[in-house]
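Sequence positions, counted from 1, serve as the residue numbers for this chain. Both ligands and their constituent atoms are indexed starting at 1 by order of listing.
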Amino acid sequence: MLKAILVTLITLTSTAAVADIHPDRQTELIYLLKHDCGSCHGMRLQGGLGPALKPVPLKRWTAEQLAMTILSGRPGTPMPPWKPFISPQEALWLAKHLKSEITP
Ligand code: HEC
């Protein structure tokens, strides 16, 4: 488990090209955010079963920490791991997106 986290961290920190996510894939990720994440975090991500994914409450985490949570989930809570569906770069992009105010 620790090894997996370390590997993910190394992958995350060595990925400088976050902005390189294709615009089509960005649209897919936003769709995922609204529909899949939204089913627990609220359609407008204002919170539901899961906490609000808005810039102010997310300030206490770095984008890298949020990307880790998205990839690995929170064991023991309903937050599932999204690793099978999104790459570390995409998770980091989503985390940065959530920390900025342009969320859906
Ligand atoms: C099945 C319900 C469910 C789905 C679907 C879900 N989450 Fe979560 N999520 C949770 C719960 C519950 C928590 C709170 C876990 C805890 O108690 O720490 C959480 C926590 C988080 C956190 C940490 C927030 C914080 O302030 O601690 C992030 C970031 C997050 N989710 C992002 C996402 C993203 C992005 C998606 C879609 C790709 C997603 N979640 C889909 C239930 C869900």
Query raised in the report: When you look at Leu32 and Trp82, which way does the side-chain contact (heavy atoms from CB on, under 4.5 Å) test go after all the steps?
Result: CA-CA 11 Å; Leu32 176 93; Trp82 293 88; 4.1 Å; yes
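- Within the 3.5 Å criterion, the main-chain N or O of Leu49 finds no donor-acceptor partner in the side chain of His41.
- In the hydrophobic clustering of ILVMFWY residues, with side-chain heavy atoms under 4.5 Å counting as a link, Phe85 and Leu94 come out together.
- Ser39 places a side-chain N or O within 3.5 Å of a backbone atom of Asp36 that can act as its donor or acceptor partner.
- Not a single N or O atom of Trp82, backbone or side chain, sits closer than 3.5 Å to an N or O atom of ligand 1.
- Using modelled atom types, one side-chain atom of Lys54 and one backbone atom of Arg44 make a donor-acceptor pair closer than 3.5 Å.
- Which parts of ligand 1 touch Leu49 is read off a 4.0 Å heavy-atom cut-off, strictly below it: atoms 12 (C).
- Listed here is the closest heavy atom pair of Ser100 and Pro55: O-CG, 3.4 Å.
- Shown are Leu33, Leu29, Leu92, Leu53; of these, the side-chain contact (heavy atoms from CB on, under 4.5 Å) with His97 is made only by Leu33.
- The side-chain hydrogen bond (donor to acceptor under 3.5 Å, both in side chains) test applied to Arg74 returns no partner, not counting sequence neighbours.
- Using modelled atom types, no side-chain atom of Gln26 and backbone atom of Asp24 make a donor-acceptor pair closer than 3.5 Å.
- Remark: ligand 1 atoms within the under-4.0 Å shell around heavy atoms of Leu32 are 38 (C).
- In this structure, Trp61 has a heavy atom closer than 4.0 Å to ligand 1.
- Counting only distances under 2.8 Å, and ignoring water, the protein N, O or S atoms around atom 8 (Fe) of ligand 1 are His41 NE2, Met79 SD.
- Against a heavy-atom cut-off of under 4.0 Å, Leu58 is close to the following atoms of ligand 1: 26 (O).
- Remark: side-chain polar atoms of Lys99 are paired, donor with acceptor, to backbone N or O of Leu58 under 3.5 angstrom.
- Interface atoms of ligand 1 facing Leu66, defined by a heavy-atom separation under 4.0 Å, are 29 (C).
- Near Asp36, meaning under 4.0 Å from any of its heavy atoms, are these atoms of ligand 1: 5 (C).
- Nearest protein heavy-atom contact of atom 17 (O) of ligand 1 is Thr77 CG2, 3.6 Å.
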